[in-house]
Student: 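Here's a structure for you.
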Amino acid sequence: MFSTSDTIVAIATAAGRAGIGVVRISGPDAERIARDLTGRAEPFTPRHATLTTVASSDQVVVTWFQAPASYTGEDVIELSAHGSPVVLGAIVRAAAEAGARLAQPGEFTLRAFLNNKIDLIQAEAVADLVDAVTPLQARAAFDQLEGTLTETIGGIERDLFDVMAKLEASLDFPDEGYHFVAPREAHASLASLIDRIDALLAQAARGRLVREGAQVAIVGAPNVGKSSLFNALLNTDRAIVTAVPGTTRDLLTERADVGGLSLALIDTAGVRETADVVEREGVSRARDTLRVADLAIVMLDRSRPVSDEDRQLLAATASQPRVVVWNKCDLAPAQTLEPLEPLEPLELSVTNRSGMDRLIDAIASTLNARESFRDQPEVTNVRHTLLLERARAALVRAATALEGEVPEEFPLIDLQEAGHALQEITGRRTTDDLLRHIFERFCIGK
Ligand SMILES: Nc1nc2c(ncn2[C@@H]2O[C@H](COP(=O)(O)OP(=O)(O)OP(=O)(O)O)[C@@H](O)[C@H]2O)c(=O)[nH]1
Ligand SMILES: [Mg+2]
């Protein structure tokens with residue numbers, strides 16, 4: 001399904017007006033097309049930037065990355081022009097007329113993968129790097145791009161194949177039994193491989209938080225100030241705020257960098273019994289969200305007495321990671337701590353922006369000890385985690401089989417499965433479906 005023999009073109013820079021914009025052309029005709037566009041007779045010089053003009057009479061800088069020393073591993077031409085959508089669009093159109101095909105999302109990176117310039121982990125890291133909202137996310141993605149995880153997995157794979165080769169050799173000389181490797185020795189090798197996978201898996205949960213952001217749901221009775229806090233944390237007016245209880249009817253989700261943490265913040269409808277069908281659906285969604293959130297911010301209004309709804313919410317969230325806050329501390333308090341003991345809600349006034357730093361600290365420390373949340377985990381991707389788990393399960397089965405001194409082919413089948421799982425992580429084994437799924441996430445031009 002993936003054609004790689006033709007030449008593709010796309011705008012590589014973000015949509016909209018900017019100082020400069022780049023059009024990227026990759027494939028066997030890239031350099032010839034660049035000559036057509038610029039009306040140039042002699043070839044461009046590889047690895048040189050050449051100032052010239054295109055037919056639409058705009059100035060461009062043409063850089064030729066000759067195969068295989070380019071992002072895709074093919075001949076790549078980059079034309080830097082003024083960053084106007086009109087100018088860039090005209091260049092793309094002219095390139096298409098000269099024989100290039102418009103690139104699909106992620107197709108440049110896909111070609112880099114198919115030409116063995118990068119493996120699948122690194123291709124996925126490119127998309128993560130482009131999507132990163134926090135420096136920590138960018139750093140974790142960058143490490144994967146640099147090949148740290150590739151190396152770790154490659155090491156595990158090599159040692160696994162070593163064990164397999166020895167077991168296979170024994171299979172080829174059946175009379176001599178486990179001739180090339182004693183079962184105990186093979187077993188010990190597998191145990192060490194399992195340990196290494198466990199070490200990777202141990203950081204995977206934190207890795208997911210870094211990569212995808214922790215889901216943080218703001219819940220509370222109507223009108224306590226949930227949407228106000230949501231907006232304040234995001235620094236926008238994303239959610240509607242009014243004095244009318246029951247303003248928010250649906251879930252609002254936004255990703256944000258809050259004090260260096262990547263959060264998916266969720267604003268919810270105020271929880272109360274209501275006859276309004278729309279609001280009731282909103283309340284039920286708020287309750288569902290609580291179940292999946294990594295953290296709940298339970299908000300109470302200190303200027304009002306504690307209500308039954310407040311108590312119900314406090315009871316419902318008691319066993320999950322949460323931060324309880326008292327909002328509207330700028331107003332005269334209607335409650336004392338007494339009815340809430342032993343809780344010690346964090347005092348907050350979204351209106352005055354007081355208590356916000358303490359809230360952010362509390363979010364960070366509740367999610368995880370802040371320091372460890374800031375370390376870079378190697379495994380951040382759910383796809384990698386699932387495949388590591390599959391490899392581990394197969395290794396455990398093989399190790400168990402070895403304990404029973406069964407024929408060599410028994411553990412071998414499991415070891416093969418473990419090997420396949422590892423190869424799927426790096427992309428040495430892939431299917432078109434998998435590739436399509438991964439590259440769909442990309443933007444065009446990447
Ligand atoms: N005095 C004071 N008023 C606040 C504070 N935070 C929010 N408010 C006001 O409280 C009212 C309700 O705020 P919202 O943010 O809409 O409350 P909500 O919890 O999202 O309400 P629902 O969506 O109806 O559940 C608005 O009039 C806000 O301006 C605060 O810290 N102090
Ligand atoms: Mg609201």
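Order of appearance sets the numbers: ligands from 1, and atoms from 1 within every ligand.
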Student: What residue and atom, counting heavy atoms only, is the protein's closest point to atom 10 (O) of ligand 1, and at what distance?
Tutor: Lys328 NZ, 3.0 Å

Student: Quick one: salt bridge (charged side-chain N to carboxylate O under 4.0 Å, His left out) partners of Glu309, sequence neighbours excluded?
Tutor: none

Student: With distance as the sole criterion, is a donor-acceptor pair present between the side chains of Thr317 and Arg322 under 3.5 Å?
Tutor: yes

Student: Could you check atom 31 (O) of ligand 1 against the protein and tell me its nearest heavy-atom contact, residue, atom and distance included?
Tutor: Val350 N, 2.9 Å

Student: Which of the numbered atoms in ligand 1 are under 4.0 angstrom from any heavy atom belonging to Pro245?
Tutor: 24 (O)

Student: Give the residue and atom name of whichever protein heavy atom lies nearest to atom 13 (O) of ligand 1, and the separation in Å to one decimal.
Tutor: Ser228 OG, 3.5 Å

Student: Taking 4.0 Å as the limit for heavy-atom contacts, which would you say applies to Thr351 with ligand 1: side chain only, backbone only, both, or neither?
Tutor: both

Student: Checking a contact table here: which protein heavy atom is nearest atom 28 (C) of ligand 1, and how many Å away?
Tutor: Val241 CG1, 3.7 Å

Student: Set out, in order, the CA-CA distance, both residues' side-chain angles and the distance that settles salt bridge (Lys or Arg N to Asp or Glu O under 4.0 Å) for Glu273 and Arg280, then state yes or no.
Tutor: CA-CA 7 Å; Glu273 296 303 322; Arg280 209 156 56 208; over 6 Å; no

Student: How many angstroms lie between atom CG of Asp414 and atom CG of Leu190, to the nearest 0.5 angstrom?
Tutor: 10.0 Å

Student: Would you list the pairs meeting side chain to side chain donor-acceptor pair (under 3.5 Å) in which at least one residue belongs to residues 229-240, sequence neighbours left out?
Tutor: Arg238-Glu254

Student: Write out the residue and atom name of the closest protein heavy atom to atom 26 (C) of ligand 1, then the distance separating them to 0.1 Å.
Tutor: Thr242 O, 3.4 Å

Student: Starting from atom 6 (N) of ligand 1, locate the nearest protein heavy atom and write down its residue, its atom name and how far away it is, to 0.1 Å.
Tutor: Asn327 ND2, 3.1 Å

Student: Would you mind listing which atoms of ligand 1 come within a distance below 4.0 Å of any non-hydrogen atom of Leu331?
Tutor: 1 (N)

Student: Sum up the protein N, O or S atoms located under 2.8 Å from the Mg ion (ligand 2).
Tutor: 2

Student: Can you list the residues that meet the salt bridge (charged side-chain N to carboxylate O under 4.0 Å, His left out) rule with Glu389, with sequence neighbours excluded?
Tutor: none

Student: Please evaluate residues Asp6 and Arg111 with respect to the criterion salt bridge (Lys or Arg N to Asp or Glu O under 4.0 Å), reporting the C-alpha separation (whole Å), side-chain torsions for both, the decisive distance (0.1 Å), and the verdict.
Tutor: CA-CA 11 Å; Asp6 55 354; Arg111 287 188 174 195; 2.7 Å; yes

Student: With heavy-atom distances below 4.0 Å as the criterion, list the atoms of ligand 1 near Lys226.
Tutor: 15 (O), 17 (O), 18 (P), 19 (O), 20 (O), 21 (O), 22 (P), 25 (O)

Student: Within the 3.5 Å criterion, strictly below it, is a donor on Asp119 or Thr150 matched to an acceptor on the partner's side chain?
Tutor: yes

Student: Just by distance, no angles: are the side chains of His82 and Gln59 close enough, under 3.5 Å, to form a donor-acceptor pair?
Tutor: no

Student: Is it true that the side chains of Ser349 and Ser354 contain a donor and an acceptor less than 3.5 Å apart?
Tutor: no

Student: Below 4.0 angstrom from a heavy atom of Asp330, which ligand 1 atoms are there? Numbered from 1 as shown, please.
Tutor: 1 (N), 2 (C), 30 (C), 31 (O), 32 (N)

Student: What are the atoms of ligand 1, with element, lying closer than 4.0 Å to any heavy atom of Pro222?
Tutor: 25 (O)

Student: Side-chain contact test, heavy atoms from C-beta onward, threshold under 4.5 Å: evaluate it for Thr268 versus Lys226 and give yes or no.
Tutor: yes

Student: Considering Asn223, Asp267, Val219, which one's heavy-atom position lies nearest to atom 12 (C) of ligand 1?
Tutor: Asn223

Student: If you measure only the distance, is there a donor-acceptor pair under 3.5 Å linking the side chains of Ser26 and Glu74?
Tutor: yes

Student: Hey, which atoms in ligand 1 end up nearer than 4.0 Å to a heavy atom of Gly270?
Tutor: 25 (O)

Student: Any side-chain donor-acceptor pair under 3.5 Å between Thr38 and Thr52?
Tutor: no

Student: Among Ala243, Cys329, Ala239, which one has a heavy atom closest to atom 27 (O) of ligand 1?
Tutor: Ala243

Student: With backbone taken as N, CA, C and O and side chain as the heavy atoms from C-beta onward, which portion of Val244 lies under 4.0 Å from ligand 1: side chain, backbone, both, or neither?
Tutor: backbone

Student: I need the atoms of ligand 1 closer than 4.0 Å to a non-hydrogen atom of Gly225, numbered in the order shown.
Tutor: 7 (C), 13 (O), 14 (P), 15 (O), 17 (O), 18 (P), 19 (O)

Student: Check each atom of ligand 1 against the heavy atoms of Val224 and keep those under 4.0 Å away; list them by number with element.
Tutor: 19 (O)

